Structures are given as structure tokens and as C-alpha cells.
Amino acid sequence: MVGDSTVAAGGGRRPGRFLPAVVLQRWALRRWALWRLPRRGQVCYLVLIDVLAVAAVVLAAFRFPPLAAMLPPFALLLGGMLVSAELARPVERHREDTLLGPGIDTPWIFAGVLVLRPGLGVALVVLSALHQWFRVRRRPAYRQVFGAAATALAGLIAGAFLTATGVRPLGEVLDARTVVLLTAAGLVFLAVNAAVVTAADGPRRPREAAPGHAFDAAMTAFGLLLAWAVEAAPLLVPLLAGATVVLHRGGLGRGRRDHVALDPGTGVLTGASWRGGAEAELDRLGRHGPGPALLLLDLDHFRQLNDRYGARVGDAVLRAVADTLRDEVRAADLVGRSGGEEFAVLLPGTGRFDAMAIAERIRLRIASTLVALKASGDGPQFVGVTVSVGVASCPADGLLADALLAAESALLRAKAAGRNRTVCAEPGVSSGGKP
């Protein structure tokens, strides 16, 4: 969403020379997607975790300042983490988030918890998040920050447990007591992170969450080996890093997306995968709690755009729309491509009014999205597109097919009313506008 600009409006103080208006607009707090979440309680919780993480890091850094002797282990862990992450990028881009968001970076971060002071350990978390943002995939900024804050808090609490039990520094020989305490620290790391993330996103069904838990546990176990190798046998670190990448690329790191197909042109779920995920979400809800809302979006006059500018520009427009959808919804929402120029979004736990607000926000954001054409004599040219949106609610004990019919009916009404608008189906309406 484009916020109001004091420069564009002709009033207010102009920004300084070294802070262009574009930068100020992009990073203005009021434009963060965090504030557009439908539940105020979730917003407060996410902000609270971020604040607690910052306060805990500052306190720990003053209480246990970094030592110069820890810079070589830090450099070894940082280098191994970045190299491993680069090699595993093809897998990481399509891995569904588990409770430990860093993915293949997790063993390096947990190893940092075991062998580094808190400040350097958190530095690994921050650098991992930055690498994810710039090189792997970009989630909404508030989710990226929250994931790093949750991991940092889990690491600090696990580190406090180790300090209280007197495990560190690790020796060349690990006795039974040390192994038990290191394992307990790994469990603390997993449990704290799971609790923080689950409180934000809600619990998942055990069968759905099991692969993600197994992935997190395996990556944390590798962290134990890496921590010992960094202290006792640094030459083994590259070998362990290679083993981590091989396991990750071989299937372990795919987490819960082994069965999920992505549309190659847009990167969102295919129609079949989206429908399967939506059915699973309805099964998870059963008859308890509010049902999800459903959005159907159809690009207006897309065929004419495709015929006029060619398939290359049409594909770029589809990718831009898909990117906008991913930016504007939550991590738990499902986005899929249900047709050539049609997208579907499932919004769990969202009422009709909130769904309408989200749909309108998406419609306006897409209308302001432009795709660059080849430059001409008059300078660069751009093309945009609008969407019509149909919104329907799906009772927790209802059928997905009925909700799809209701959303389709609302979408047709939006088209008939002139396009580039949002229409919500009345409760109990399926196809044809009849209850």
C-alpha cells in the first residue's frame, strides 16, 4: 500500500539530502504490513517478542561481552553457514517454514550458542536472516524480524541453561554428563522456539507438524557435532558442512513440501496443491473455531494485455501479482494459481469483514504495481493490471466446493459491475447468487 507522502502532497518539511523521499516512504513505520494484520492481539505479541529479544541481547552482551579469542570460531561458523546456505539455496527457496525458520542455518546457529558469547551468537542469527532476505526468499519484513527474534531468544535461553550448568567451554573429550546437558540444551532451544512461534501462528496437527519437528531436531543435532568440531577438530567442519548440505538437498530439508507442487511461472501453489491444502485446513478446523475466508482474484483484460505486449510481459505481470499476494498475506495463508490468470487465497480464522479489508488492500496494491517494458525513445515504459475479487466465507463444518462456488459467483458480479472491484458473497450463497 502506498502511504501518503508529505512531498507529494506539497506540505511538510522536505527530507534531507542524504535521505531521499523514496527511502523514507519505504521504511515508514506506518507502511509496515505488520500494522495491517487483522488481529490486534497478534500484532502486540509480535512486537513484544521483538522488544524482548532486543532487550535480552543487550543485557546478555553487557553481562558477557565478546572475547577476542572467540573471533576465529565465529569466523569459521559464519563462513560455513554462508557457504552451506548458498549450496542449499535451491532447496531452501521451496522449503516450507518449520518452527525453526533458519533451515540449513540452524546447526551453525546452535553451534554458536554452544561455543560463543551471546553477542556473537546473536550476530549469526542476524546474518542468517539477512542472507535469507537477500539471497533465498523474502517474506514480509515483520515475519523475517520475528523469526530472527524467536531464534535469538531460544538461543539466549539455551545459552543461559548451559552457563547455569557449567558446561562451557567444550573439551576435546565429552563425558556422559556433558553430552546429556548439551542434548538438554538442544531440547530447550527447540522447545522455546516452538512455543514462541506456535503462540503467534497457532498449533498444527501432529501429523502435519511431525516432519517439521524431525527436520528441526536433525539440524539441531548437527549443531552439537559442529560445536565440538569447531573447538576440538576445526578441519572436520568442512566435512560436516558437506554432510549437512547433502542431507538437506537429498530431501530432509524439504520439510513438509515434499508433496507440494509449485506453479513454475509464479512460485505459488498449483491449483491441485492449493485445493489439497485448503481441504486439509478445513479438516484441521473440524467443527471448532471460526472457518476460513476465501478470495478468488481474476486479472482484468489479461488476454488483451498478453496479445498486445506478448507472453514475456504477461508472465512478468503474473509473477508481480503472485509476489504481491505473498507479501500481503500471512505465513499461514494459502496462495495458489487456480487458472491461467486466476488466483485463490485461503485465509484461516478470518471473518467476512476482515477478508473484505484484506481483499481491498490486495486489489489496491496490485493496481499500483507496474511492470517495466523495453525502453523506447520516450524513456522506459510500464504496464499495470487490475483485478476483480470475489470473497466468500467458509464455515468450519462447510464444504470447500460450496465456498468456491460462492466466491466464483461474487467474482462474476464484480466483473459485471465494471471490474477492478471487490464483491463479497452473502452468507449461505453458493452459485447463481441463490441461497
Side-chain angles (χ1 to χ4, degrees), residues 38 205 208 259-263 265-300 302-303 318 321-322 324-326 328-363 366 385-435:
R205 297 177 66 181
E208 297 175 354
H259 61 286
V260 171
L262 298 177
D263 177 64
T266 60
V268 299
L269 298 175
T270 63
S273 291
W274 180 88
R275 192 180 185 98
E279 294 282 7
E281 178 65 20
L282 288 176
D283 290 342
R284 184 183 70 83
L285 290 173
R287 295 178 179 271
H288 306 287
L294 178 65
L295 311 182
L296 284 184
L297 303 92
D298 190 83
L299 276 62
D300 299 325
F302 180 75
R303 291 183 181 177
L318 289 173
V321 170
T324 298
L325 288 174
R326 283 194 294 262
E328 292 292 333
V329 300
R330 303 162 297 181
D333 300 333
L334 293 179
V335 180
R337 185 179 178 185
S338 56
E341 63 267 18
E342 188 173 281
F343 294 85
V345 181
L346 188 76
L347 305 171
T350 304
R352 291 175 61 244
F353 294 107
D354 287 335
M356 276 292 292
I358 294 171
E360 270 294 283
R361 188 178 74 226
I362 290 173
R363 184 185 67 82
I366 291 175
V385 71
T386 61
V387 293
S388 300
V389 189
V391 182
S393 58
C394 183
D397 58 350
L399 297 176
L400 178 63
D402 292 339
L404 285 170
L405 288 174
E408 181 71 24
S409 175
L411 175 60
L412 293 176
R413 288 163 52 200
K415 291 284 189 181
R419 295 181 170 82
N420 190 24
R421 63 193 65 218
T422 302
V423 173
C424 183
E426 295 298 326
V429 173
S430 57
S431 61
K434 298 177 182 181

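Note that these values count all heavy atoms, side chains included, but never hydrogens, waters or copies made by symmetry. Since the model is a prediction, treat every value here as computed from it, not as a measurement.
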Kindly write out the residues that satisfy side-chain hydrogen bond (donor to acceptor under 3.5 Å, both in side chains) with Glu408, not counting sequence neighbours, or none if the list is empty.
-> none

Student check: side-chain heavy atoms of Ile366 and Leu299 closer than 4.5 Å | no

Looking only at heavy atoms, what is the nearest atom pair of Ala410 and Cys424, with distance?
-> CB-C, 4.2 Å

Within a radius of less than 6.0 Å around CZ of Arg303, do more than 12 heavy atoms belonging to other residues, nucleotides or ligands occur?
-> no

Test side-chain contact (heavy atoms from CB on, under 4.5 Å) applied to Asn420 - qualifying residues, sequence neighbours left out | Asp300, Arg363, Thr386

From CD (Glu360) to CD1 (Ile358), nearest 0.5 Å | 12.0 Å

Sequence neighbours excluded, which residues qualify as side-chain contact (heavy atoms from CB on, under 4.5 Å) partners of Arg421?
-> Ala414, Ala417

So, do Val329 and Ile362 sit near enough that their side-chain heavy atoms are less than 4.5 Å apart?
-> yes

When you measure from the side chain of Thr350 to the backbone N and O of Pro348, does any donor-acceptor pair fall under 3.5 Å?
-> yes

Heavy-atom closest contact (Ala293 atom, Ala355 atom, distance) = CB-CB, 3.5 Å

Quick one: list whatever passes side-chain contact (heavy atoms from CB on, under 4.5 Å) with Ala403, sequence neighbours left out.
-> Leu294, Cys394

From OG1 (Thr266) to CG (Leu325), nearest 0.5 Å | 9.0 Å

Minimum-distance pair of heavy atoms, taken over all atoms of Arg352 and Glu426 | NH2-OE1, 4.2 Å

Which atom pairs, one a donor and one an acceptor, fall under 3.5 Å between side chains of residues 332-346 and the rest of the protein, sequence neighbours left out?
from, atom 1, to, atom 2, distance (Å)
Asp333, OD1, Arg330, NE, 3.2
Asp333, OD1, Arg330, NH2, 2.8
Asp333, OD2, Arg330, N, 2.8
Asp333, OD2, Arg330, NE, 3.1
Arg337, NE, Gly339, O, 3.2
Arg337, NE, Gly340, O, 3.2
Arg337, NH1, Asp263, OD2, 3.1
Arg337, NH2, Gly340, O, 2.7
Ser338, OG, Glu342, O, 3.4
Ser338, OG, Glu342, OE2, 3.2

Mind checking what makes side-chain contact (heavy atoms from CB on, under 4.5 Å) contact with Arg275, not counting sequence neighbours?
-> Glu279, Leu400, Ala401, Leu404

Between CG of Leu296 and OG of Ser409, what distance do you get to the nearest 0.5 Å?
-> 11.0 Å

